[in-house]
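A note on names: the letters A, B, ... follow the listed sequences, proteins ahead of strands, and every chain is numbered from 1.
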Amino acid sequence: MSVRVRFAPSPTGYLHVGGGRTALYNYLFARHHGGSFILRSDDTDRARSTAEYQQDILESLRWLGLDWDEGLEVGGDQGTYRQSERLARYQEVAAELIAEGSAYYSFATAEQLEAFREEAMASGRSPAYDGRHEPDPADAMARLAAGEPATVRFAVPRPGETTFVDVVRGTVTFDHVQVDDFVILRSNGTPTYHLASTVDDVDFGITHVIRGEDLLASTPKHILLTEAMGAEQATYAHLSLLMGPDGKKLSKRHGHTAIKAYRDAGYLAPAMVNYLALLGWSPGDDETVVPLDEMVRRFDLAEVSKNPAIFDTDKLDWMNGVYIRELDVASFAEAVLPLVEEDLERSLDAGEVATLREIAPHVQERAKLLSEVPEQVRFVFAGIEYDEGSWNKVMTKEGADVAVKGACERLAVLDNWSIEGIEGSLREMLATLELSARKGLQPLRVAISGSSVSPPLFESMAALGRERTIARLEQAAARME
RNA sequence: GGCCCCGUCGUCUAGCGGCCUAGGACGCCGCCCUCUCAAGGCGGUAACGCCGGUUCAAAUCCGGUCGGGGCUACCA
C-alpha cells in the first residue's frame, strides 16, 4: 500500500516554525517513500478560523517549497479538503456510531462536568468524564425529542486500555480511565476536532499520521474512533515540540515564530528548510548542510529525535549565510534587487542594475541575511552619508588627510580605471607615502562609503566610477580641514 | 492533582553494552590570512542531571529520583 500522509493545520494562526517543521517531516516522509502528501484544512472551529490565516499557511508552504500532491487548491479525489465543507459526512458517522452504541447523546451540564473534574482532581483520581451523569437511553430519547440540547459523546469502553506503537516514541499505553467520553458533536451539530480529523484520515486513506506531540494523549481517542468505524488503523508518529531559547514553549515573546517573518527578515527558504529539518533529525553522519533532495533520500521517521528542540536562530543565521554564498551571483543579484530598490525608495536604471551585479559578489560573501545587503550597497546608489563614529575613528588619525589627497591626485590621472588599475595605483601611493595599507586605505574607505566597514575598497571604487570616487575624496578632504 | 512523553557540550545532535580519552555542527575564545567587515584555514573551550541496580564491562539495559514538556474543553 502506498504511503499517504497529510498536514492538517487549523487556520487559527499564521504558519509557525513548529508547523513548518511538521509539514516538512510529512513531506520528506512522503517523498522518500514515493507516496502522497496531502494538505487539508482542519477548520471546524469556525469562530477562530480566518481566510487570512488560511492564505498565510498556503503561501508559507509554497515559499518553503513543500509542494503537495492533493488537497487545498490543487484538488484531488476527495472533492473538498476543507472540514467546514464536510459537515454532513461527520454527522453521518456520528449517527452510525450512536446507532451501534459507540456514542450517545449527552445531557451533562457544564456545572456537573466541572464539579466532577474538580472532585476527581482533589481526590487524586483521573478527571476524565466517564458518562456517569447521563440518563438511560429511553430517557435520553425523550429529552432529545422534547428539544433539549445535547452533545454527542463517544462511549469509551471501560475498563480498558489502548496501546499503540508510535514510530518515534515506541510503545505507548493509555488506561481508559484517563480517556474521557469526549464530545464528537457539539450541541449545535458541528463536529469536534477528534471526529473530523479521524473521519478524514479514514476517508482519505491516510496511512501515517505525523503530527506534534501535543496530540499524543489524544491518539487513543482517534484509535478508538477508527476502530468503531471499522476502519484500518493508521500508523502514528508524534514529533516533539519546539521550544524557545529559555526552554519554554516557543511563543511570540521569543521573537518571530511565523514562517513568513523569516522570509521577510531575509532568510532563504532552502536554508530555513535545512535548519528546520535538523531540529530533531540528523542524516546520521557528520553532515550539516544537506540539500532537500538529499534529505528526501535519507529521511527516516524512526530516526527522529524524541527530545524537544530549542529553536535558536544562531545556527539558522550561519546556515543562511552558507546558502547565500552557494547562490550563483546572478540569482543573488536578482534576489537582492527589490530589497535595494525598496531601501532607496526608487527603482534602479539599467546601468545601476549592472553596477549592482558588479558589486554583488563582494557583498554576497559577507551577508548572513538578504535584508542586510541594501545598507551595504547604499553608498553606491545614494549620496554619501558619514557614520560619525567611523569618521572620528579614522579621519582624525595621522596621515589620513595625505592619503585622501594623494588618492585624489593619482586616481584623477589614472589611465587604467579598473579594479587592478586602482589597486596598483593606490599601492604605489602607499609606498611613496610610507603608509601601511591599513592606515592609508581606511580613510579612503570612509571617504567613499561613509563607513569604516564596507565591501572591498578597490572593487567599491570601480563600482562607484571615477567621477564619483574623486568627488567623494575631495568632499572628504574638504571636510577634514 | 492525574496520566503520558522527554533528559549527551550554552544550542542542534552522533552514539543503540566493549571501538568513548564521548564525535560533528552552531556559538564563544585564540591564531593565521587580510584594505575594513565578513568569508576561509588552523587550534581551543565545553556534555552523558542525580542515586541505585544488572553486567567481566553502561552514555547505552532496569528501577527510583530530580528537572523539563504535553494532555486533562461543546480549542485544535
Spacing of the C1' atoms in B:rG43 and B:rA14 (rounded, Å): 22 Å
N or O in side chain of A:Asn307 less than 4.0 angstrom from B:rU8 OP1/OP2: yes
Any A:Thr44 side-chain nitrogen or oxygen under 4.0 Å from OP1 or OP2 of B:rA76: yes
Atom pair CZ/CG of A:Arg21 and A:Leu64 - distance to nearest 0.5 Å: 13.5 Å
Presence of A:Arg366 side-chain N/O under 4.0 Å of B:rU36 phosphate oxygens OP1/OP2: no
d(CZ, A:Arg46; P, B:rA76) in whole Å: 11 Å
Touch class at under 4.0 angstrom, heavy-atom based, for A:Ser282 against every strand present: sugar-phosphate
Nearest-angstrom distance, P atom, B:rU45 to B:rC61: 29 Å
A:Asp246 vs A:Lys248, salt bridge (Lys or Arg N to Asp or Glu O under 4.0 Å): CA-CA, chis, key distance, verdict: CA-CA 5 Å; A:Asp246 56 359; A:Lys248 300 295 181 189; over 6 Å; no
Criterion side-chain contact (heavy atoms from CB on, under 4.5 Å) against A:Phe7, the qualifying member of A:Ile38, A:Ile210, A:Leu61: A:Leu61
Sugar-phosphate, base or nothing in reach of A:Gly321, heavy atoms under 4.0 Å: nothing
Touch class at under 4.0 angstrom, heavy-atom based, for A:Pro127 against every strand present: base
Touch class at under 4.0 angstrom, heavy-atom based, for A:Met319 against every strand present: nothing
Sugar-phosphate, base or nothing in reach of A:Ala128, heavy atoms under 4.0 Å: nothing
Nearest-0.5 Å distance that lies between atom OG in A:Ser460 and atom CG in A:Leu444: 11.5 Å
Whole-angstrom distance between B:rU60 and B:rC16, as gauged at atom P: 13 Å
Heavy-atom side-chain contact between A:Ser197 and A:Arg6 under 4.5 Å: yes
Residues, nucleotides or ligands: over 12 heavy atoms within 6.0 Å of A:Glu114 CD: no
Within 6.0 Å of CD in A:Glu119, more than 12 heavy atoms from elsewhere: no
Pairwise P distance for B:rC5 and B:rC48, with rounding to whole Å: 26 Å
Sugar-phosphate, base or nothing in reach of A:Thr173, heavy atoms under 4.0 Å: sugar-phosphate
Sugar-phosphate, base or nothing in reach of A:Thr151, heavy atoms under 4.0 Å: base
4.5 Å side-chain heavy-atom contact, A:Arg410 and A:Glu428: yes
B:rA76 to B:rG68 separation - P atoms, rounded to the nearest Å: 30 Å
A:Pro456 side-chain proximity, nearest of B:rA38, B:rC35, B:rA76: B:rC35
Residue-phosphate contact under 4.0 Å: A:Arg153 side-chain N/O, B:rC74 OP1/OP2: yes
Interatomic distance at C1', B:rA59 relative to B:rC51, whole Å: 16 Å
Nearest-nucleotide pick for A:Asp180, side chain only, options being B:rG2, B:rA73, B:rG68: B:rA73
Residue A:Glu213, side-chain heavy atoms: nucleotide from B:rC5, B:rC37, B:rU11 that is nearest: B:rC5
Sugar-phosphate only, base, or nothing, as touched by A:Leu241 at under 4.0 Å among non-hydrogen atoms: sugar-phosphate
Atom pair distance, as rounded to whole Å: CG in A:Asp246 and P in B:rG69: 9 Å
Sugar-phosphate only, base, or nothing, as touched by A:Glu459 at under 4.0 Å among non-hydrogen atoms: base
Below 4.0 Å: OP1/OP2 of B:rG69 and any side-chain N or O of A:Lys248: yes
Sugar-phosphate only, base, or nothing, as touched by A:Arg325 at under 4.0 Å among non-hydrogen atoms: sugar-phosphate
Under 3.5 Å donor-acceptor pair, A:Lys306 side-chain atoms to B:rC5 base atoms: no
Given B:rU36, B:rC6, B:rC3, the nucleotide with the shortest approach to the side chain of A:Val453: B:rU36
Set of side-chain contact (heavy atoms from CB on, under 4.5 Å) partners for A:Arg143, sequence neighbours left out: A:Phe107, A:Pro135, A:Glu148
Touch class at under 4.0 angstrom, heavy-atom based, for A:Phe458 against every strand present: base
P-based separation of B:rG30 from B:rG23 [nearest Å]: 24 Å
Residue-phosphate contact under 4.0 Å: A:Arg117 side-chain N/O, B:rA73 OP1/OP2: yes
Minimum-distance nucleotide (side-chain atoms of A:Leu457 versus B:rC26, B:rC35, B:rC6): B:rC35
Rounded distance in Å - CD (A:Glu428) to P (B:rC35): 17 Å
Near-strand residues of residues 188-197 of chain A, defined as heavy-atom separation under 4.0 angstrom from RNA chain B: A:Thr192, A:Tyr193, A:His194
Residue-level proximity of residues 432-450 of chain A to RNA chain B when a heavy atom falls under 4.0 Å: A:Ala437, A:Arg438, A:Leu441, A:Gln442, A:Arg445
Over 12 non-hydrogen atoms of neighbours within 6.0 angstrom of NE2 in A:His256: no
Heavy-atom side-chain contact between A:Thr190 and A:Arg46 under 4.5 Å: no
Separation of the C1' atoms in B:rA57 and B:rG17, to the nearest angstrom: 7 Å
Atom-pair distance (CZ on A:Arg169; P on B:rG69), nearest Å: 15 Å
A:Arg82 and A:Asp43 ion-paired at < 4.0 Å: no
